[in-house]
Amino acid sequence: MGLRVGDLVEVLSAEEIHATLDERGELENLPFMPEMVAFCGKRLTVHKVAHKLCDTISGTGMRRMNNAVHLTGARCDGEAHGGCQTACSLYWKEAWLRKVGPAEQPSAARSDGQILLPLLEVNTRKPPSAEGEELFSCQATELLRAAPACLGIKDVRQYVEDVRTGNAGVPATIRGFLIQLFNKYQGFSQKKLPRRLWIKEGLRWGWVKGMLSGRTPTGALDLQPGELVRVKSKEFIMSTLNEQRLNRGLGFEEEMARYCGQTARVKARVDRCIDEPTGRMLKMKSPCIILEDNICAGFYNGNCPREFVPFWREIWLERVESV
C-alpha cells in the first residue's frame, strides 16, 4: 500500500484477517497473535514502516522485512504469552490493514475475535523442551523466519526507504550509515589489525565497555510505578558491567547510554520476559525497571524501527525527589 509514517489505517475485522492466515496463524511466517485481536476494527496511525529490523536472536545484523508496519500505541501486553513484560512493538502486515482517510466512515464489517482465538492461542506454544519446560512462540521468537534475508550496509535501498517512508530524515539516515560503517571498521580492526591501529580500544560508537571481571554488583531501591528517577552516569554504569557488558545477565548498550543523566518516571517493574532464541520464559531474581517514554531509537543501529523498551537495573538509577 506504500504506507508512510503518519498514515491512518483501519485494522481489518477478525474474519478478514483469519482469511489471510495459514494453519500456524501466520502470514509470510509472521504470527498474528491473540494480543492483536483487540485492535481489530480500530483505527491507528502508522508509527514506523517495518522494512528492516535488528537481529537480536543470532546477531547477524540487520534483516529485511516485507510489507509490515508498526502502529502507534500498539504494543504486546503479553497476556497470551505467560505475562511476558517485554512490551514489543507489534508487527502488522499490510494485508491486515486498510488505509483510510480522516473523513472516511468506519467499516461496517463485523469483527468477532472468537473466530480467531482458537487458532492463535494454540500457536502461542511450541513443543515443550526435553525437560518438559513450557516454550512460547510469538512474533519476536519467529522473526528470523519472517525476515530471512540479511540486509548489509551496502544495500542503499534501506536508506532510500527510510527517507521515503518518513522513518528518518536525510541527516539521520546519513548519520546512521556512517555509524554503521564506523562500527564495521571497529569490528574489523579488533580481528585483523594491531592494537595501535584501534580507535578508542575498538569500541562501537557510543563507547560502552565493561570494567569488571567476575561477579557484578547489585542494588535494590524497590522502585514503584510513578516514581521519578535519574539514570546514573555512563561511567558509573560501566563500572557495574563485566567484559560482556552485562550486569547479572542483563546487558547495557550504547542506545541506553543516551539516557544517562536524564530523568524519567518508572512505568513498571519487570520480573519475566520471553527469551527470543529459545522461547523460554525467563524469571528474574531481581526485577528490572521500565521507564516512561524510554525506547531504543535505533540511533546507533541504522535507524532500526523496532523501538525496544530497555530494561534497567535499579543500581543504574537513583530516586529524584518530586518538587
Asks: Is there a donor-acceptor pair closer than 3.5 Å between any side-chain N or O of Lys234 and the backbone N or O of Gly206?
Replies: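 Yes.
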Asks: Quick check: does any side chain N or O of Glu254 sit under 3.5 Å from a backbone N or O of Phe299, one acting as donor and the other as acceptor?
Replies: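 Between the backbone of Phe299 and the side chain of Glu254 there is no qualifying donor-acceptor contact (under 3.5 Å).
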Asks: Quick one: sort the His81 and Phe136 rings into parallel, tilted or perpendicular, breaks at 30° and 60°.
Replies: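 Correct class here is tilted.
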Asks: Might you confirm whether atom NZ of Lys184 has over 12 heavy atoms from other residues, nucleotides or ligands at distances under 6.0 Å?
Replies: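 Atom NZ in Lys184 is not crowded, with 12 or fewer foreign heavy atoms closer than 6.0 Å.
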Asks: Apply the test side-chain hydrogen bond (donor to acceptor under 3.5 Å, both in side chains) to residues Asn66 and Glu28: give CA-CA distance (whole Å), side-chain angles for both, the deciding distance (0.1 Å), then the verdict.
Replies: CA-CA 9 Å; Asn66 295 318; Glu28 297 174 348; over 6 Å; no
Asks: Taking all non-hydrogen atoms of both residues, which atom of Leu53 and which atom of Met65 are closest, and how far apart?
Replies: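 Closest heavy-atom pair between Leu53 and Met65: CD2-CE, 3.7 Å.
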Asks: Quick one: do Val270 and Leu317 end up in the same hydrophobic cluster if we chain Ile, Leu, Val, Met, Phe, Trp and Tyr together by side-chain heavy atoms under 4.5 Å apart?
Replies: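 Yes: a chain of side-chain contacts under 4.5 Å links Val270 to Leu317.
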Asks: Testing the basics here: between Gln139 and Pro31, what is the closest heavy-atom pair and its distance to 0.1 Å?
Replies: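 Scanning both residues completely, I find the closest heavy atoms to be NE2-O, 2.9 Å.
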Asks: Step by step, would you call Thr216 with Asn242 a side-chain hydrogen bond (donor to acceptor under 3.5 Å, both in side chains)?
Replies: CA-CA 7 Å; Thr216 54; Asn242 64 18; 5.7 Å; no
Asks: If only atom types and distance count, is the side chain of Gln262 paired as donor or acceptor with the main-chain N or O of Tyr259 below 3.5 Å?
Replies: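 A pair under 3.5 Å: no.
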Asks: Could you see if Val156 belongs to whatever hydrophobic cluster contains Val170? Use Ile, Leu, Val, Met, Phe, Trp, Tyr and a side-chain cutoff under 4.5 Å.
Replies: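 Yes, Val156 connects to Val170 through the hydrophobic network.
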Asks: Taking Asp271 for its side chain and Pro287 for its backbone only, find out whether a donor-acceptor pair lies under 3.5 Å.
Replies: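 Between the backbone of Pro287 and the side chain of Asp271 there is no qualifying donor-acceptor contact (under 3.5 Å).
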Asks: For a salt bridge (Lys or Arg N to Asp or Glu O under 4.0 Å) check, start with the C-alpha distance between Arg24 and Asp22, then their side-chain angles and the critical distance, and finish with the verdict.
Replies: CA-CA 5 Å; Arg24 295 172 58 97; Asp22 61 18; 5.6 Å; no
Asks: Can you tell whether the side chains of Glu16 and Arg98 come within less than 4.0 Å, N to carboxylate O?
Replies: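 So Glu16 does not pair with Arg98 through a salt bridge.
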Asks: How about Lys267: does its NZ atom have over 12 heavy atoms from other parts shown lying under 6.0 Å from it?
Replies: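 Not buried by this count: 12 neighbours or fewer within 6.0 Å.
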Asks: Does the Lys48 side chain pair with the main chain of Arg306, one donor and one acceptor, at a distance under 3.5 Å?
Replies: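 Judged by distance alone, no pair lies under 3.5 Å.
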Asks: Among Trp207, Phe188, Phe177, find the one that has a ring-ring contact (aromatic ring centres under 6.0 Å, His included) with Phe182.
Replies: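 Between Phe182 and the candidates, ring-ring contact (aromatic ring centres under 6.0 Å, His included) is satisfied uniquely by Trp207.
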Asks: Report, as yes or no, whether the 6.0 Å neighbourhood of atom CD on Glu104 holds more than 12 heavy atoms from other residues, nucleotides or ligands.
Replies: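 Result for CD/Glu104: enclosed.
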Asks: Within the side chain of Gln85, is there an N or O that forms a donor-acceptor pair under 3.5 Å with the backbone of Arg272?
Replies: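 At least one qualifying donor-acceptor pair exists.
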Asks: Take Glu134 and Arg125 through the test salt bridge (Lys or Arg N to Asp or Glu O under 4.0 Å) and record every step on the way to the result.
Replies: CA-CA 7 Å; Glu134 185 177 39; Arg125 303 301 192 271; 2.7 Å; yes
Asks: Find out if a path of hydrophobic residues (ILVMFWY) with successive side-chain heavy-atom gaps under 4.5 Å connects Leu178 to Val160.
Replies: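 No, because Leu178 and Val160 fall into different hydrophobic clusters, even though each may have its own neighbours under 4.5 Å.
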Asks: Donor-acceptor check, side chain of Glu314 to backbone of Asp222, threshold 3.5 angstrom: yes or no?
Replies: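 Yes, the answer is positive, given that a donor and an acceptor are paired below the 3.5 Å cut-off.
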Asks: Working note: Tyr300 + Arg258, criterion side chain to side chain contact (heavy atoms under 4.5 Å, CB included); need CA distance, chi angles, decisive distance, verdict.
Replies: CA-CA 10 Å; Tyr300 298 134; Arg258 297 180 63 230; 3.7 Å; yes
Asks: Glu142 side chain to Ser137 main-chain N or O, any donor-acceptor pair under 3.5 Å?
Replies: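 Pair absent, no side-chain N/O of Glu142 close to backbone of Ser137.
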Asks: Within a 6.0 Å radius of atom CE on Met1, are there more than 12 heavy atoms belonging to other residues, nucleotides or ligands?
Replies: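 Result for CE/Met1: enclosed.
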Asks: Asn303 and Arg175: side chain to side chain contact (heavy atoms under 4.5 Å, CB included), yes or no, with the steps?
Replies: CA-CA 9 Å; Asn303 295 306; Arg175 178 204 66 209; 3.3 Å; yes
Asks: Between Phe39 and Trp92, how do the two ring planes meet: parallel, tilted or perpendicular, split at 30° and 60°?
Replies: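 Because their plane-to-plane angle is over 60°, the rings of Phe39 and Trp92 count as perpendicular.
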Asks: Tell me, with the steps shown, if Arg265 and Val229 meet side chain to side chain contact (heavy atoms under 4.5 Å, CB included).
Replies: CA-CA 6 Å; Arg265 293 204 177 273; Val229 297; over 6 Å; no
Asks: For Ser89 and Glu307, run side-chain hydrogen bond (donor to acceptor under 3.5 Å, both in side chains): C-alpha distance rounded to whole Å, both residues' side-chain angles, the deciding distance at 0.1 Å, then the answer.
Replies: CA-CA 7 Å; Ser89 184; Glu307 294 194 348; 5.9 Å; no
Asks: List the atom of Asn301, the atom of Cys54, and the distance in Å for their closest heavy-atom pair.
Replies: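 Of all heavy-atom pairs spanning Asn301 and Cys54, the closest is CB-SG, 3.9 Å.
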Asks: For Leu143 and Glu276: C-alpha separation, side-chain torsions, deciding distance, then whether side chain to side chain contact (heavy atoms under 4.5 Å, CB included) applies.
Replies: CA-CA 9 Å; Leu143 278 181; Glu276 293 179 9; 5.6 Å; no
Asks: Taking all atoms of both residues into account, what is the closest heavy-atom pair of Leu221 and Arg319, and its distance?
Replies: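 So the minimum-distance heavy-atom pair works out to O-NH2, 2.6 Å.
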Asks: Without swapping roles, check the side chain of Gln190 against the backbone of Gly202 for a donor-acceptor pair under 3.5 Å.
Replies: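 Side chain of Gln190 to backbone of Gly202: a pair is present.
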Asks: Please report the shortest heavy-atom distance between Ile57 and Ala140, naming the atom on each side.
Replies: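 Scanning both residues, the minimum pair turns out to be CD1-O, 3.4 Å.
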Asks: Determine whether a donor-acceptor pair (N or O, by modelled atom type, separation under 3.5 Å) exists between the side chain of Lys52 and the backbone of Gly302.
Replies: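 Flag set: sc Lys52 to bb Gly302 pair under 3.5 Å.
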Asks: Quick test of your reading of the model: are Arg280 and Glu131 salt-bridged, counting only N-O distances below 4.0 Å?
Replies: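 Judged by the 4.0 Å cut-off on N to carboxylate O distance, Arg280 and Glu131 do not form a salt bridge.
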Asks: Of all the heavy-atom pairs spanning Leu203 and Lys209, show the shortest one and how long it is.
Replies: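 It is CD2-CB, 3.9 Å.
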